[in-house]
Each structure stands twice: as structure tokens, then as C-alpha cells.
Engineer: 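Before I ask anything, let me first share the structure, which is written out below as C-alpha cells.
In what follows, chains carry the letters A, B, and so on, assigned in the order in which the sequence lines appear, proteins first and then strands, with residues in each chain numbered from 1.
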Amino acid sequence: MMKSINNGCSERRHVPWAGRKHCPRFACCQHYHSQIPLLFTVEDLVASDSEELAQKCSLSYKALLAIRRVLLAQHTAFPVSGADLYEELLSSTAIVSTSIPSLDKLLDSGLYTGEITELSGGPGTGKSQMEALQRIRVFRVFDIFSLLGCLHTIRCGGPQQASLGAGSVKAVIVDSVSAIISPTLGGKQNEGMSLMMQVAGALKTIAKDFNVAVLVTNHVTRGAGGELQAGLGLTWSHVPRTRLLLERSRGPGPLLGSTRTATLVKSSRQPCHIKAQFDLNWGSGSEEGLPGRKRARDSSDS
Amino acid sequence: MGDYKTETGAQLFARLEARRCLIDIEPHLFPKNCGPQYGEVVELHGLEGTGKTELLYHLLCRCILPVEAGGMGVEVVFVDTDYSLDMLRLVTILENRLAAGRSSSSPQAESDAGCSEEAALRTCLSRLLVVHCGSSSQLLLTLHYLETSLSSRPGLSLLLIDSISAFYWLDRCGGGESAARQEDKLTKCSELLSRLLRDYRITVFATSHAIRRNYRNIATSSSSSSSSPSCSEYEQPYLCRPWQRLVTHRLLCSRGTPGTNMATACTEEQSRRQAFNVRCVSFSSSSSSSKVTKAHKSSSFYVTDGGVVFV
């Protein structure tokens, strides 16, 4: 990058200003840069004082200001007025029903698009049954890197391409996110946590940009006081907007084998800790899949 | 950087013109006469589900509502780093507060109530600017870009960042083995923020998620406070030092036990609601390496449809 500036190249557009990651000449320029540590990344240029820089290299002050403006235009996120954002949300937000009425009531009529909803529960509590079973496209992934790759493909291609046919995609389900992420945690802490946050970021971007409802399932652990809580720890707890905890019903009377209780643990719309009971046999079919299987599915609107 | 910086006359006036001071933004939260002044930073810290986002919406609404409805009528920039802004919830709170303000002030102006409600809501929302950032590099560049917005909008007094700790793990992994490189991006953001605070006299509120459990404090805290014994375990600041030096007020949020600490609950319904506790610790503004606590205050609130209600 610096080479072309010092040659007095005046065609700013042809300089690959895409930042360190995307600079095709990065590898070969690195040695050059280390000798003259003036500028290295987009952030350094934007942060530097244009007057001082104009004195050091052969560009004019005005040219540097223009470059700075172009870089900012390419790389920053633009502020949006609250009124416009609200208009957009009103027209694009939809609610996907879980097809179980008591759960829908708990979730304030269903899964909202643009958000991540989490279902956590032990084995056999009916997590896998929540998902709408008609017209599902299944992607099987067995480790976190394949999941990230799969999410990236969805993001780039748009869910329209990934869907089966004429229906528009309204929900993305990751079952189960904890089975993929848990093996990476512990040990080398940084990498596992970072991968987990990358998955979280990818899911949120998909939810917001393509207006889909994202549903993830999680396992449960026992907390410090012995109470049941969702797995994956404190950092993940901030990621989903709404969280439900599923468990087998207990209480007096005949214990119906297929009844489950769902507790609303986190919500921005309803008061917390309200419970609802539902019957697993409400939907169709029995529970499918082995507990160790990890699946990412796209499901389209009926 | 150079010793002096040139700016146009318009920029000079935009910079020096008095932006609204937010010292009276919420007297329940801050100790007496210790509200956030010009150039101060408030950090809201706590676990998931402790009411941080609700508090942020409460402060945001207080800023963008017009003066007649109990607000301050100032402009706000909301930097959203983890897509956690719930516009529908924000609009519900705004509508409730506008309705409450309208019913208490002028009961006879009901004929044109319908269209003016829409217009009032739209005016409030137009004072809010929302920016989404996906990485700490983008956050840094966006803050540079916001400088031009700050010079062109003298009504902009508040910068809200939700949350400043969103890229913590990504930066740690991206920085490899060197701690300095891991904290590099957030350090640069903090330095830029301190320059913006100084030059433009705005105030910054930021949330940070509690993700670390401090096991050393467990033994000592188990004998001290009885209402929330786990509060001090999660208080440890973990973000980089330049950010910690910037923070002048820390609001530590935690969940209260429902029903027990509502000694002044008027109705039975209130005693069943989940209460949240906030402890405010204000530091003296001399920025040395060790912060001296100037004042502190504890308060409680619960959440209704119309937002936060203090006890």
C-alpha cells in the first residue's frame, strides 16, 4: 500500500484499501512496512492526523482527507434514525408459532423474527419436538467449524437459496448448539469462547438481516444452589433474547409420562418465571434423533 | 498528533455550545449531587437478567422524551454491538410515558389526540440514532465517523453503548498470546472516547456483561450482605485499564429476592414482582491508577409495561 503512495500514484481507486485482512499485497508489503512503520491498517490511517501525514508522504492534504472519507464510508456502520428503524421493524417483523398453544402464550404468541430464542432441557424433555416438522431442510454438521461454515453460506447466499422451493424461510433452528460448542470450551479458554461468540454473532446477523426467527437448543446443568439452569455458562447467557427451561412435570396426581413444564427464564416482553404445561403428544410423531446428533435445519413457512 | 488542530468557525461553535448536562437524569440512581456531569462515563455492570437493558431504556426514554412528558428533549446515539436493541419494547415504554404525560398535563386536548400521538412518538424517535457494530475495528471506525455527527448536531448529549464487552472474547483470541495486542482495540476505543468526551462535552453510558466469577470474594462476602450474597462475586472489572480509568460511575445491577426487600410495597401485586437492586459507586475524577470511591448509593426498582419504576 505504501509503495504505491510513494510512487506518486494519483489513482486512489486502484489502491486496495480494504484493510489489513483484505489487502492482496499484505504479505509482500509486510517486510516493507516493518521498515517504515508509518501506516499499517485502515484504523491507523483514520486515526492519524492528516496534516502530519501530508508532510511525511507525497500526497496532498486534500487527497488524504478524501481517502479518509472513502475509507470511513466503506467500513463504518451508518447511523439510522430511530423512526426509520421502527417503521422497518413494523413492516418486517413476523411471529412464527411453535404449534403448541401453551408455549405460544408463554412466548407472547410465538417465536419473533430477528431474535434468538433458546430452549434448554435435559434429554427427553421434548426439545427436538418443538420444531415445525413440515418442509425442513437439514444440514448435518458435527463440529463448530462446519457450523460456522454452514452459517456463513447461509449468510452469503441468503436463506432463499438454501430453501427448498417457493416458500420463504422464516426460521433457522440449531439443534443443539451446546453439543457443538461444549467440546471447544475448557482447555484453551480463549479459542473456545471466541468461537462461541462468533457463532452467536453469525446467528444474530442472520436473524436480523434476513428477518428469521432463530431457535437454539441447549443442555442443562445444576447451579451453585442445586437449581436447574441452562448450560454453556455466563457468556452465552447474554446471547439469546428469550430463554425457556424445559423439564418433566412433577406434582401431585397421576404423573403423565408425556407432560412437560416450560419456565420462561429470560424475556423482554413478559414477566419472568411464569410456567406453562404442555403435552408432548400434541404434535405428530415421537421424538427423533439420537442424543449425540448435532443438526442445523432451515424450516420454511407452511 | 499535532499540537494544534484547525477547525472551522461552525465546528468551534458546535463544540463549545452548551450541550445539555445530564446530572439530573435519574436522581434515584446516583448519590446526591453526584450525577453524571460533562465528560463522565457511567458503566452498568451485571449478570444476565439483572435489568441492565431496562435501565438503559429508562435513561434513553428520559433523554428523548419532550420536556412536557417528563423528559429532556436531547438527542442520543445508541451504539448496538450485540443486536440487543428491542425497538418494540422501547416504543411500548415511550407510548406509556407519553400517554401518562398527556393525561396529567392537558386533559382537554383530546380531540386531536390520535394524530398527535403518532407525531409525538415520531418526534421522539427522530432524536435517536442507532448504529450496529459487528467487531471492535468497526466500533473504532464508527466512533471516528461519529465525530462528524457530533460537530453537526449540537443537541447530541448522550452516547449509549450496549455493550462495550461484546467483543471481549473475540479480541482476546485475535490478539494471540500478547495481552497488549488483545486489549489493543478496546484501548484505542477508550482513548478516542476520552478525546470525544473532552472536546465535545458529551456523556457516555455503557453496559458490560459480568462473565467472570471472582472466587476469592466468595469466602469474605458470604458473611457480609445477606440480601444478595452473590453480588460481589461478579463485580470484578475485567476490561482493559484505559477503559477502567475512563469510568467515573459504576452501577452494579443484581436481582433481588422477590417479595422480601419490598418493605414499602403498596399493593400485593408489587410484592410479587421481581425486584432488581442497583448499587452506584462514584469515583473521584482524578484519574490516577487507583480509584478513590467518592460516594455510593443503593436503590431498587421493578419493571412494568411503562418501564422502570423505582421503589
Engineer: Would you confirm whether A:Lys204, through its side chain, and B:Asp82, through its main-chain N or O, come within 3.5 Å as a donor-acceptor pair?
Structural biologist: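 Such a contact is found between A:Lys204 side chain and B:Asp82 backbone.
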Engineer: So A:Thr76 and B:His144, do their side chains get closer than 4.5 Å, heavy atoms only?
Structural biologist: no
Engineer: Select, from A:Ser267, A:Ser237, A:Ala73, the one with the greatest count of heavy-atom pairs under 4.5 Å involving chain B.
Structural biologist: A:Ser237
Engineer: For B:Phe301, give me all partners under ring pair (Phe, Tyr, Trp, His ring centres under 6.0 Å), at least two apart in sequence or on another chain.
Structural biologist: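 Ring pair (Phe, Tyr, Trp, His ring centres under 6.0 Å) check on B:Phe301 returns B:Phe276, B:Phe310.
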Engineer: Give me the atom names and distance for the closest heavy-atom approach of B:Tyr83 to A:Lys208.
Structural biologist: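 B:Tyr83 and A:Lys208 have their closest heavy atoms at CD2-CG, 3.2 Å.
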Engineer: So, taking the atom named OH in A:Tyr86 and the one named CG in B:Leu94, what distance separates them when rounded to the nearest 0.5 Å?
Structural biologist: 9.5 Å
Engineer: Nearest 0.5 Å, please: how far is CG in A:Leu89 from CE in B:Met87?
Structural biologist: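 B:Met87 atom CE to A:Leu89 atom CG measures 6.5 Å (nearest 0.5 Å).
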Engineer: With sequence neighbours left out, what residues match A:Asp104 under side chain to side chain donor-acceptor pair (under 3.5 Å)?
Structural biologist: A:Ser97, A:Thr98
Engineer: Nearest 0.5 Å, what's the CG-OG1 distance between A:Leu72 and B:Thr148?
Structural biologist: 7.5 Å
Engineer: Who among B:Leu170, B:Leu85, B:Leu140 has the most heavy-atom pairs with chain A under 4.5 Å?
Structural biologist: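 It is B:Leu170.
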Engineer: Heavy-atom cut-off 4.5 Å, strictly under: side chain, backbone, both or neither for A:Arg69 against chain B?
Structural biologist: neither
Engineer: Side chain from CB out, backbone as N, CA, C, O: work out which of these in B:Leu121 comes under 4.5 Å of a heavy atom of chain A, or both, or neither.
Structural biologist: side chain
Engineer: Is there a side-chain contact between A:Met193 and B:Arg172 in this structure, where contact means two heavy atoms from C-beta onward sitting under 4.5 Å apart?
Structural biologist: no
Engineer: Check whether B:Val91 gets within reach of chain A through its side chain, its backbone, both or neither, counting any heavy atom under 4.5 Å.
Structural biologist: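 B:Val91 touches chain A through side-chain heavy atoms alone.
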Engineer: Where on B:Leu129 is there a heavy atom nearer than 4.5 Å to chain A: the side chain, the backbone, both, or neither?
Structural biologist: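 Backbone plus side chain of B:Leu129, per the 4.5 Å heavy-atom cut-off to chain A.
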Engineer: Relative to the ring of B:His209, is the ring of A:His238 parallel (under 30°), tilted (30 to 60°) or perpendicular (over 60°)?
Structural biologist: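 Correct class here is parallel.
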Engineer: Side chain, backbone, both or neither: which part of B:Ser84 has a non-hydrogen atom closer than 4.5 Å to chain A?
Structural biologist: backbone
Engineer: Between chain A and each of B:Leu90, B:Val131, B:Leu141, count heavy-atom pairs under 4.5 Å; write down the option with the most.
Structural biologist: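 It is B:Leu141.
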Engineer: Is there a side-chain contact between B:Phe78 and A:Pro79 in this structure, where contact means two heavy atoms from C-beta onward sitting under 4.5 Å apart?
Structural biologist: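 Side-chain contact under 4.5 Å: no.
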Engineer: Relative to chain B, which of A:Met197, A:Arg241, A:Lys266 shows the most heavy atom pairs under 4.5 Å?
Structural biologist: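 Looking at each option in turn, the highest pair count goes to A:Arg241.
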Engineer: Between B:Thr53, B:Thr92, B:Val130, B:Thr142, which residue shows the highest count of heavy-atom pairs closer than 4.5 Å to chain A?
Structural biologist: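 Most heavy-atom pairs under 4.5 Å with chain A: B:Val130.
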Engineer: If you count heavy-atom pairs under 4.5 Å with chain A, which of B:His132, B:Gln182, B:Arg122 comes out on top?
Structural biologist: B:Arg122
Engineer: Between atom CE of A:Met196 and atom SG of B:Cys173, what is the distance when rounded to the nearest 0.5 Å?
Structural biologist: 12.5 Å
